[in-house]
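All remarks here apply to the structure that follows.
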Amino acid sequence: MEQTIVEIHHKRNSLPKRPRGSRRDRIAIAVRTAATLLVPTVALVCCEWIHRGSLDSTFWTDNFLKHSGSYYLSWLLLVGIYLFFSHLFGRHSPAVLAVGVFSCIPAAITKLKLDFRGEPFLPWDISQWKEAISVAGKSNLKLTVPMWWSLGIFLVLAVLGWFLRVPRKGQRPWARRLRIIGTASGAGLVLVCMAVYLSPAATQMLGIYSDMWMQNRYYRNYGVISGFLTNLQQLDIDEPEDYSEETMAQLKQEMEQLEDSHQALWPESPAALDTAYDTPHIIYVMAEGFWDVTELEGVSFTEDPLANYHALQAESIYGRNYSPSFGGGTCDVEFEALTGFSVEPLPMGCKPFQQHVTHPMFSLPNYLSEVLGYQTKAIHCYYGKYWSRDRAYPYLGLEDFITIQDFVAPEKKRPVYWSGGLVSDDAMADMIIQQFENRQPDTPLFIHAVTMEGHSTYSEKNFPEEELVKFTAVPESLSGETVGALRDFATCMRDTDAMLGKLVEYFRQVDEPVILVFWGDHYNLVGSGYELYEETGYIEKGDTESPRLHGTPLLIWSNYQNVSLDIGTIASYNISPAVLELYGIDQPLFFQLHLSELQLMRARSRGITIQRDGTATEEMTDAQTEAFSKRWLAQYDLMFGEDYLQMNPDQE
């Protein structure tokens, strides 16, 4: 038996071996090489197809050819990933799947996020995955045709890749060396590409230039992969070039001079008319998704859904809040309103509550509490951990935080996408009144309240038919889905308006001075994409970056002054300086920069400048740029720097 085995082994070893350079080997090498080059190409094309929805001639002429360096770099990165996984596992299927996941999933998230919020998938979104999952599950998001096709393409390629393999370890020494060299080459190529992505000088050599305020345009020009990875450069906030103790001392002196020479910005304001109180109660109400639905052309109602808001303009200060957000990012708006800090110099899409408010920081509540002796409270009828408010609010000086868990059997509405429904705006008004009545005696109170009933997504199934608002006219070009969503939205706005009316009615009867500041955080999509805004002429077709989608209603009412005053458009970060200025309340020195800037422009947000007359432009004049730079210098000192201005609260 042993002899037989030895003979068989001898015969097997004596068989002629296929030469390494045989035709079969050459074909196999050619196929593997083709796969290594072609699959990343397919992945890159699918990535941009998913991102854009279509690859028309504009993509090839205006984006790919003009910014080819960014796409070649993306392709090299995918080749490196493919090389690494194919040689690591010895088969091409894992490499196909790895390349497909790395390219198509970020593209799909980008597409869905662009449709929902008007901004792409950004690196810091990863830290917000809990909020993203919560919102995505209630947003009625749908996979697109390119997504389904790309999924099918990569499943087929993965099956084919199973039959294509790198020579095994145990075959020949040259095969083992090939596996090691291929794996190392792939890893090395990935590292080189990442090093380029993380270097501003290197990416600029490839023609990739920062456009962080217009991330949708940035991704359109440079693609999803290059757009996402170059944004990693923005994780660290760069110190302004002229930041120093000496510079900040000069800026502080300039702010003191502005304070000494200050004149009323609005001559008809209560402060200018000498009807001011030193420490009135101040109630902030930021209404989720609130904007004036009656401004839509071709849409009319059986009754005005915003009757209180429109009537109160005759006895209030009113205008527009220029919001940095669309379709989400409520926390960005309240961050600006509570601090006077702008998110404009910060990377688009970052969430200051989560990433930067990690220590006691300058804010209106901190100032009111420490300097003017206010009691401070926050109310949000959802969970405190959302957007990390439970951690950020105390650092901003909000002493008490009332969340949904503090509401006792509140009325809830709109249950279709939100399990159990959302706390109604009427219940929110009751809680604000309750907290006001439970305030500390002989102490001024500041309340910051954020509502939830108006949150997207919208469907007419959210209300019984008899409660839904009724139209007398809608454009025929609107789809049934959008008309139904509009009914839901308009009904929400009627409830929000009723909340405003209820609060005003209550505070009219209060003997102590009260200021009620009421505004919408941002616009949302209503129905199918941007159809509602485009078909009613609210924006031009395709102009999804229109400033009109950022100007929400702003109403400032008090129970001791009834002058009607239109202050035009102001940025969210100018709300607090404007309120204190209008009502003659002592201001922190930092706000002098805002008042000075308001004389030059009303907002600078997401690359858009709102001029004093309300018109919009992407440019700033030299004077506007200087004012913006000074405010950013002070903001940097208070948020990230050494607090040379000495305005931050003491850290305990």
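Taking the side-chain contact (heavy atoms from CB on, under 4.5 Å) definition, one finds that Y395 meets it with V357, P360, sequence neighbours left out. For the side-chain contact (heavy atoms from CB on, under 4.5 Å) test, residues two or more places apart in sequence or in another chain that qualify with D292 are T294, E295, L306, Y309, H310, P553. Qualifying salt bridge (Lys or Arg N to Asp or Glu O under 4.0 Å) partners for E259, counting only residues two or more places apart in sequence or in other chains: none.
Close placement of the Y382 and W418 rings is indicated, their centers lying within 6.0 Å of each other. In summary, the aromatic rings of W291 and F489 are positioned with their centroids under 6.0 Å apart. Taking the ring centroids of F436 and H281, they lie under the 6.0 Å cut-off. Annotation: F335 is not in aromatic contact with H356 [ring centroid separation under 6.0 Å not met]. The ring of F362 has its center no closer than 6.0 angstrom to the ring center of Y367. Taking the six-membered ring for Trp and the full ring otherwise, H522 and F326 have centroids separated by 6.0 Å or more.
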Q: Show your reasoning for whether ring pair (Phe, Tyr, Trp, His ring centres under 6.0 Å) applies to Y560 and Y277.
A: CA-CA 9 Å; Y560 59 92; Y277 288 87; 4.7 Å; yes
Q: Verify side-chain hydrogen bond (donor to acceptor under 3.5 Å, both in side chains) between Y523 and Y538, making sure each step is shown before the conclusion.
A: CA-CA 12 Å; Y523 284 70; Y538 199 74; 2.6 Å; yes
Q | Residue pair E288, T330: steps toward the side-chain hydrogen bond (donor to acceptor under 3.5 Å, both in side chains) verdict | A | CA-CA 8 Å; E288 174 65 43; T330 297; 3.1 Å; yes
Q) Where do F401 and Y393 land on the ring pair (Phe, Tyr, Trp, His ring centres under 6.0 Å) test, with the steps shown first? A) CA-CA 8 Å; F401 184 19; Y393 278 173; 4.7 Å; yes
Q: Would you sort out whether T552 and Y322 count as a side-chain hydrogen bond (donor to acceptor under 3.5 Å, both in side chains), showing the intermediate values?
A: CA-CA 7 Å; T552 64; Y322 195 80; over 6 Å; no
Q: Could you please spell out the steps behind the side-chain hydrogen bond (donor to acceptor under 3.5 Å, both in side chains) verdict for S572 and N321?
A: CA-CA 6 Å; S572 300; N321 156 57; 2.6 Å; yes
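When the shell of 6.0 Å around CD of E437 is examined, it contains more than 12 heavy atoms from other residues, nucleotides or ligands. Counting non-hydrogen atoms of other residues, nucleotides and ligands closer than 6.0 Å to CG of D442 gives a total of 12 or fewer. Counting heavy-atom neighbours within 6.0 Å of D278 CG, excluding the residue itself, gives a total of 12 or less. Remark: E505 CD is loosely packed, at most 12 non-hydrogen atoms of other residues, nucleotides or ligands lying under 6.0 Å away.
Ion pairing between a basic and an acidic side chain is recognised when a charged N comes within 4.0 Å of a carboxylate O; D425 and K413 show no such pairing. Using a cut-off of 4.0 Å between Lys/Arg side-chain N and Asp/Glu carboxylate O, K630 and E597 are scored as not salt-bridged. Ion pairing between a basic and an acidic side chain is recognised when a charged N comes within 4.0 Å of a carboxylate O; D332 and R606 show such pairing. With respect to the salt-bridge test (charged N to carboxylate O, under 4.0 angstrom), the residues E334 and R389 qualify. Between R604 and E618, no side-chain nitrogen of the basic residue sits less than 4.0 Å from a carboxylate oxygen of the acidic one, so the salt-bridge criterion is not met. Electrostatic pairing of E245 and K252 does not count as a salt bridge here, judged by no charged N lying under 4.0 Å from a carboxylate O.
Contact of the W557 side chain with the R508 side chain is registered, since non-hydrogen atoms from C-beta on lie closer than 4.5 Å. A heavy-atom distance below 4.5 Å is not found between the side chains of P444 and P280. Side chains of L346 and I237 form a contact here, defined as non-hydrogen atoms less than 4.5 Å apart. Between L645 and M647 there is a side-chain heavy-atom pair separated by less than 4.5 Å. Side chains of Y284 and I447 form no contact here, defined as non-hydrogen atoms less than 4.5 Å apart. Here the side chains of E626 and D622 are not in contact, with every heavy-atom distance at 4.5 Å or above. No side-chain heavy atom of S424 sits under 4.5 Å from any side-chain heavy atom of K412. Residues L516 and L555 fail the side-chain proximity criterion, which asks for heavy atoms closer than 4.5 Å.
If you check the side chains of E581 and H594, you find no donor sitting under 3.5 Å from an acceptor. Side-chain contact check for Q611 and Q624: at least one donor-acceptor pair (N or O, by modelled atom type) lies under 3.5 Å. Between the side chains of R391 and S388, at least one donor N or O sits under 3.5 Å from an acceptor N or O.
Within the 3.5 Å criterion, the main-chain N or O of L638 finds no donor-acceptor partner in the side chain of D643. The main-chain N or O of Y458 is never found under 3.5 Å from a side-chain atom of S456 such that the two would form a donor-acceptor pair. No donor-acceptor pair closer than 3.5 Å links the side chain of D566 to the backbone N or O of G319. Without hydrogens or angle criteria, D521 side chain to V333 main chain gives no donor-acceptor distance under 3.5 Å. Of the possible donor and acceptor atoms, one in the side chain of E336 sits under 3.5 Å from a partner among the backbone N and O of V343. Between the side chain of N574 and the backbone N or O of R602, at least one donor-acceptor pair lies under 3.5 Å. For T247 (side chain) and Y243 (main-chain N/O), no donor-acceptor pair under 3.5 Å exists by modelled atom type.
In this structure, OH on Y318 lies 12.0 Å from CG on L312, to the nearest 0.5 angstrom.
With Y573 as the aromatic partner, R631 meets the cation-pi criteria of under 6.0 angstrom to the ring centre and within 45 degrees of the ring axis.
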